[in-house]
A.B. asks: 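Questions regarding the structure given below will be posed in turn.
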There are 2 protein chains.
Amino acid sequence: MKYRTRDFERPLVTVDLAIFTVRDDSLAVLLVQRPDTADEPFPRAWALPGGFIDIECDSDLLACARRKLKEKTGVVTPYLEQLGGWGSRKRDPRGWSITQVYFALMPSVDVELRAGANAAAARWARIDSGADGVGEKLAFDHAGLLAAAVARLRGKVEYTSLPAYLLPEEFTLSELQRAYEIILGRPLEKSAFRTRVEDANLVEKLPRQRRTTNRPAQLYRLRERSEPFFFPRTFSPREAS
Amino acid sequence: MKYRTRDFERPLVTVDLAIFTVRDDSLAVLLVQRPDTADEPFPRAWALPGGFIDIECDSDLLACARRKLKEKTGVVTPYLEQLGGWGSRKRDPRGWSITQVYFALMPSVDVELRAGANAAAARWARIDSGADGVGEKLAFDHAGLLAAAVARLRGKVEYTSLPAYLLPEEFTLSELQRAYEIILGRPLEKSAFRTRVEDANLVEKLPRQRRTTNRPAQLYRLRERSEPFFFPRTFSPREAS
DNA sequence: TAAATAGTGTCTCTAAGACATTATTTG
DNA sequence: CAAATAATGTCTTAGAGACACTATTTA
């Protein structure tokens with residue numbers, strides 16, 4: 001090696017994922033169960049999926065996040081962004097550690113939870129509207145990481161098209177509106193919602209309708225664009241005067 | 001130690017800072033010069049200030065960022081937020097490395113650049129409006145980190161009160177508007193700007209005026225609030241129709 | 001009084017909020 | 001037809017954009 005690396009002791013580095021979907025009319029996050037062995041911290045506790053960076057096989061942080069995502073869900077999510085880094089002396093009993101948290105959105109149908117191989121038991125945990133996490137303790141500081149991810153999601157939903165990534169490829173405008181309402185925890189005006197979505201040129205009509213027990217609804221899909229759309233205004237409810 | 005840590009090799013971890021101010025009617029970022037020794041990469045190149053985490057003395061990432069900030073500028077900045085983490089096998093010739101980048105805003109007057117002790121030569125580098133960085137090569141991938149920081153700053157300035165942190169404690173509304181214009185690279189409407197700022201209850205009048213060669217301007221300061229204000233709409237210019 | 005910048009007023013326009021109304025299906 | 005949800009229309013309102021106009025200082 002050409003350069004000397006300094007004598008600083010290196011922290012542990014992991015990547016964790018907050019993977020969200022909408023199921024059963026509620027926001028949900030994917031949790032995995034930690035192994036039940038005495039030499040691992042928090043045995044049997046539920047945690048966000050993640051783990052150590054493997055500097056042999058991961059060429060960068062995003063690649064590591066994608067690998068973990070693939071291991072847990074078996075799919076490529078339509079949306080993956082970095083949330084941030086948490087590092088401290090206290091957060092892991094094994095020593096000074098840093099975790100890079102990524103934040104993924106996916107349709108509920110795409111998930112195939114696999115318990116086996118190096119993946120432990122996994123489940124979707126419900127996040128009630130108004131709550132900032134699941135109603136249980138999580139391993140490490142994962143409750144805090146999850147709260148930050150939920151806050152980011154709720155914040156961005158006010159002015160972006162993110163909820164579209166929580167739905168299956170084909171959806172109706174009512175379903176999209178419902179996804180917004182579930183995350184925001186408040187009803188939106190149908191008329192304003194629809195003009196906003198249509199003016200943004202976000203979605204395109206499909207030559208199909210969803211038929212249920214009443215008037216059929218037009219099906220749409222996202223226009224081919226990888227980037228989410230940013231609306232110029234938030235969905236703020238009129239203040240009482 | 002109670003737990004076994006796994007056999008993964010640990011990456012190098014650093015914290016870097018993008019410290020912005022407004023000076024000479026322009027946005028500027030603080031750069032430091034790397035040491036001129038053969039066992040350090042990028043000798044004499046300019047870089048964002050930063051360095052290795054010291055897990056002996058830094059209790060968490062933010063503390064580490066604050067320590068580096070203090071070392072470089074000698075002040076506590078009024079605004080410091082995490083920008084994100086960059087990690088890859090290639091970004092540092094010494095091996096797989098991660099940097100956590102923080103993003104600070106400060107008034108120009110507060111800075112006292114110190115070359116000496118463990119701080120190398122330092123200077124403010126101008127960022128022209130429209131450009132995504134300084135017009136020169138930087139060490140490591142710092143040009144990319146800086147471009148991301150500038151993009152985040154420009155994006156947030158559209159809908160937040162961040163530019164107020166770039167000004168000295170007392171300022172006029174014209175100076176605040178000018179800070180917005182410098183970062184956004186376009187003029188704003190004076191009337192709309194003033195009503196927006198006043199309606200947000202962001203600033204408070206001081207019993208003083210700034211006297212120059214013409215009509216004196218009312219001086220204001222930020223109301224005591226640590227959090228930046230988020231406006232419900234962006235400053236988007238009317239589209240040509 | 002001229003120059004310069006501070007600060008206000010007026011009119012328009014866009015898009016959201018509130019809420020009513022019409023449309024289209026099944027049972 | 002009733003029930004249910006889809007989809008559209010109308011009116012109001014908040015706040016930005018454009019731009020003119022007034023105000024207050026120094027030279």
Side-chain angles (χ1 to χ4, degrees), chain A residues 25 157-161 167 170-182 184 186-220 229-241, chain B residues 25 157-161 167 170-182 184-221 229-241:
Chain A
D25 214 44
V157 163
E158 295 278 1
Y159 61 94
T160 67
S161 61
L167 300 179
E170 302 190 0
F171 53 84
T172 68
L173 292 188
S174 295
E175 289 164 351
L176 182 57
Q177 181 176 346
R178 187 68 196 132
Y180 274 87
E181 292 174 338
I182 287 169
L184 292 175
R186 65 170 194 269
L188 296 179
E189 281 305 313
K190 180 160 60 169
S191 163
F193 179 82
R194 294 171 99 96
T195 32
R196 177 192 265 234
V197 169
E198 272 157 16
D199 290 358
N201 209 28
L202 243 182
V203 296
E204 60 187 358
K205 266 187 190 155
L206 293 169
R208 276 186 288 291
Q209 298 184 323
R210 171 148 302 157
R211 310 185 81 83
T212 61
T213 175
N214 43 35
R215 178 173 172 176
Q218 179 63 50
L219 281 168
Y220 292 84
F229 186 83
F230 284 65
F231 299 103
R233 301 191 193 175
T234 63
F235 285 110
S236 37
R238 181 83 41 96
E239 311 244 338
S241 63
Chain B
D25 214 42
V157 163
E158 295 278 1
Y159 61 95
T160 67
S161 62
L167 299 180
E170 302 190 358
F171 53 83
T172 68
L173 293 188
S174 295
E175 289 165 352
L176 182 58
Q177 183 177 343
R178 187 68 196 130
Y180 275 87
E181 292 174 339
I182 286 169
L184 293 175
R186 66 169 193 268
L188 296 179
E189 281 306 312
K190 180 161 61 169
S191 163
F193 180 82
R194 293 170 99 96
T195 32
R196 177 193 266 232
V197 169
E198 273 157 17
D199 290 356
N201 209 31
L202 243 183
V203 295
E204 62 187 355
K205 267 188 190 157
L206 293 169
R208 275 186 291 290
Q209 297 185 323
R210 169 149 301 155
R211 308 186 82 81
T212 58
T213 174
N214 42 36
R215 177 173 174 176
Q218 178 65 50
L219 281 168
Y220 293 83
R221 72 170 172 211
F229 186 84
F230 284 65
F231 298 104
R233 301 192 194 177
T234 63
F235 284 110
S236 39
R238 181 83 41 95
E239 309 243 341
S241 62

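What you see below is based on every heavy atom in this structure, not just the backbone, and it leaves out hydrogens, waters and symmetry mates. Here is the naming used below: chain letters follow the sequence lines, and residue numbers restart at 1 for every chain.
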A.B. asks: Figure out the CZ/C1' separation between A:Phe235 and D:dA14, and round it to whole Å.
C.D. replies: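 Roughly 17 Å, once rounded to whole Å.
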A.B. asks: Distances under 3.5 Å only, N/O to N/O: pair up the protein atoms with those of nucleotides 25-27 of chain C.
C.D. replies:
from, atom 1, to, atom 2, distance (Å)
C:dT26, O4', A:Thr213, O, 3.3

A.B. asks: Measure CZ/B:Phe171 against P/C:dA6 and give the value in whole Å, please.
C.D. replies: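 Nearest whole value for this atom pair: 14 Å.
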A.B. asks: A:Phe193 CZ to D:dT5 C1': how many Å, rounded?
C.D. replies: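 Rounded to whole Å, this separation is 16 Å.
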A.B. asks: Rounded to the nearest Å, what distance is computed from the CD atom of residue A:Glu181 to the P atom of nucleotide C:dG17?
C.D. replies: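 To the nearest whole Å, that distance equals 12 Å.
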A.B. asks: Could you please name the option among D:dG15, C:dG7, D:dA7 that lies closest to any side-chain atom of B:Arg233?
C.D. replies: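 Of the candidates, D:dG15 comes closest.
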A.B. asks: CZ of A:Arg178 versus P of D:dA6: gap in Å, rounded?
C.D. replies: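 Nearest whole value for this atom pair: 12 Å.
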A.B. asks: Tell me: CG of A:Leu188 to C1' of C:dA16, nearest whole Å?
C.D. replies: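 After rounding, the reported distance stands at 11 Å.
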A.B. asks: Side-chain contact, heavy-atom cut-off 4.5 Å: A:Tyr159 with A:Phe235?
C.D. replies: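 A side-chain contact is absent here, since even the closest heavy-atom pair is not under 4.5 Å.
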A.B. asks: Would you list the protein and nucleotides 19-21 of chain C atom pairs, both N or O, that sit under 3.5 Å from each other?
C.D. replies:
none

A.B. asks: C:dG7 C1' sits how many Å from B:Glu198 CD, rounded?
C.D. replies: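 Taking atom C1' of C:dG7 as the reference, CD of B:Glu198 is at 9 Å.
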A.B. asks: So B:Phe171 and B:Tyr220, ring-ring contact (aromatic ring centres under 6.0 Å, His included) or not? Walk me through it.
C.D. replies: CA-CA 5 Å; B:Phe171 53 83; B:Tyr220 293 83; 7.2 Å; no
A.B. asks: Spell out, as yes or no, whether a donor-acceptor pair under 3.5 Å connects the side chain of B:Glu175 to the backbone of B:Thr172.
C.D. replies: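 Checked: pair present.
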A.B. asks: Would you mind reading off the distance between A:Leu219 atom CG and D:dA7 atom C1', rounded to a whole angstrom?
C.D. replies: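 The distance from CG of A:Leu219 to C1' of D:dA7 comes to 15 Å, rounded to the nearest Å.
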